[in-house]
Every structure is written in C-alpha cells, then in structure tokens.
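Residue indices begin at 1 and follow the sequence shown.
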Amino acid sequence: MVKTFQAYLPECCHRTYSCVHCRAHLANHDELISKSFQGSQGRAYLFNSVVNVGCGPAEERVLLTGLHAVADIYCESCKTTLGWKYEHAFESSQKYKEGKFIIELAHMIKDNGWES
C-alpha cells in the first residue's frame with residue numbers, strides 16, 4: 001500500500017489547510033499566526049509549523065518588510081511552490097518570523113470541520 005502523504009493531521013476537532021492542487025495536508029489551524037501577509041502572488045498566511053513540504057535553498061530577498069533570508073517551500077506530493085520559510089530576518093523587529101512559514105492562499109484550501 002502506497003502512503004500518499006508523509007504526514008496526516010488529526011481529523012477530529014481540527015480545522016486544517018491542504019494543498020489546493022493535490023489535497024495533501026499542510027497545516028493545522030492552531031498553527032496559524034497571521035492572515036495579514038503578502039506572498040509573491042497575493043495574500044498569504046503565516047504559520048508556526050507545516051507538514052508535507054520540502055524546502056529549497058535559502059536566499060536573500062528584499063520583501064515588503066525589509067531584507068530576509070528565505071527558502072521556497074513546495075508540496076512534497078505535487079511539487080507546487082507554496083510560499084517560503086523565513087530562515088533569517090536582518091531587522092530586529094522582524095526576528096519573530098524566523099523559522100516560520102508563509103503559504104499563499106492561492107495554493108491552499110480549508111479542510112475538516114470549518115462548518116462547525
């Protein structure tokens with residue numbers, strides 16, 4: 001039997017976000033930090049932790065909030081680029097982002113229990 005995803009988030013009582021392209025689980029709603037972020041292709045959410053994503057090499061980019069070292073993240077299942085991981089923030093006011101993940105809304109869908 002082939003396992004589709006590396007990790008499955010618990011379905012009971014947890015609202016989750018999944019890849020819109022292949023439905024692989026990406027994050028638990030409890031890991032959401034902020035909905036007020038901008039990705040390269042539109043609105044994005046900041047998460048404390050994610051699952052089923054791979055990470056590319058870190059590179060320095062000038063973002064809306066200044067210079068950061070970020071690494072693109074992609075879905076391990078379908079290989080779609082989803083957003084990025086903050087590896088290093090050069091400004092002290094942005095240090096809280098280090099080790100956190102941006103996923104663009106265009107690449108995720110809400111799953112499990114959003115109606116309740």
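In this structure, A27 and S49 approach most closely via the heavy-atom pair CB-O, 4.0 Å. When all heavy atoms of I109 and C19 are compared, the closest pair comes out as CG2-O, 4.2 Å.
The NE2 atom of H21 sits 14.0 Å away from atom NZ of K79, with the distance rounded to the nearest 0.5 Å. Expressed to the nearest 0.5 Å, how far NE2 of H107 lies from SG of C75 amounts to 11.0 Å. To the nearest 0.5 Å, atoms CG (D72) and OG1 (T81) are separated by 5.5 Å. How far CG of L32 is from CG of N48: 10.0 Å, rounded to the nearest 0.5 Å. Put simply, CD1 on I103 and CD on E31 are 11.0 Å apart, with the number rounded to the nearest 0.5 Å.
Linking Ile, Leu, Val, Met, Phe, Trp and Tyr residues whenever their side-chain heavy atoms come within less than 4.5 Å places L105 and V53 in a single cluster. Under the 4.5 Å side-chain heavy-atom criterion for Ile, Leu, Val, Met, Phe, Trp and Tyr, W84 and F37 are members of the same hydrophobic cluster.
For E60, there are no salt bridge (Lys or Arg N to Asp or Glu O under 4.0 Å) partners at least two apart in sequence or on another chain. Scanning for ring pair (Phe, Tyr, Trp, His ring centres under 6.0 Å) contacts around Y96 gives an empty result, with sequence neighbours left out.
The side chain to side chain contact (heavy atoms under 4.5 Å, CB included) test with I102 singles out one residue from V50, L46, L63, and that residue is L46.
A distance below 6.0 Å separates the ring centres of Y17 and F47.
Between S18 and K110, the side chains place no donor N or O within less than 3.5 Å of an acceptor N or O (distance only, hydrogens not considered). Residues H68 and H88 have side chains that never bring a donor and an acceptor to within less than 3.5 angstrom of each other. For the residue pair N52/E76, the side-chain donor-acceptor check at 3.5 Å is not satisfied.
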CA sep, side-chain torsions, deciding dist, call: I33, Y45, side-chain contact (heavy atoms from CB on, under 4.5 Å): CA-CA 8 Å; I33 297 170; Y45 289 179; over 6 Å; no
Derivation of the side-chain contact (heavy atoms from CB on, under 4.5 Å) call for R61 and E59: CA-CA 6 Å; R61 292 187 196 156; E59 61 183 33; 2.8 Å; yes
Audit row: V20, M108, side-chain contact (heavy atoms from CB on, under 4.5 Å) steps and yes/no: CA-CA 5 Å; V20 73; M108 66 181 173; 5.7 Å; no
Residues F101, I73; criterion side-chain contact (heavy atoms from CB on, under 4.5 Å); working and verdict: CA-CA 8 Å; F101 301 85; I73 59 171; 4.1 Å; yes
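Checked for salt-bridge contact, K100 and E98 miss the test: no charged N lies under 4.0 Å from a carboxylate O.
A distance-only check finds a donor-acceptor pair linking the side chain of E104 to the backbone of Q41 [under 3.5 Å]. At distances below 3.5 Å, not a single donor-acceptor pair connects side-chain atoms of D111 with backbone N or O atoms of T16.
Residues E87 and V70 fail the side-chain proximity criterion, which asks for heavy atoms closer than 4.5 Å.
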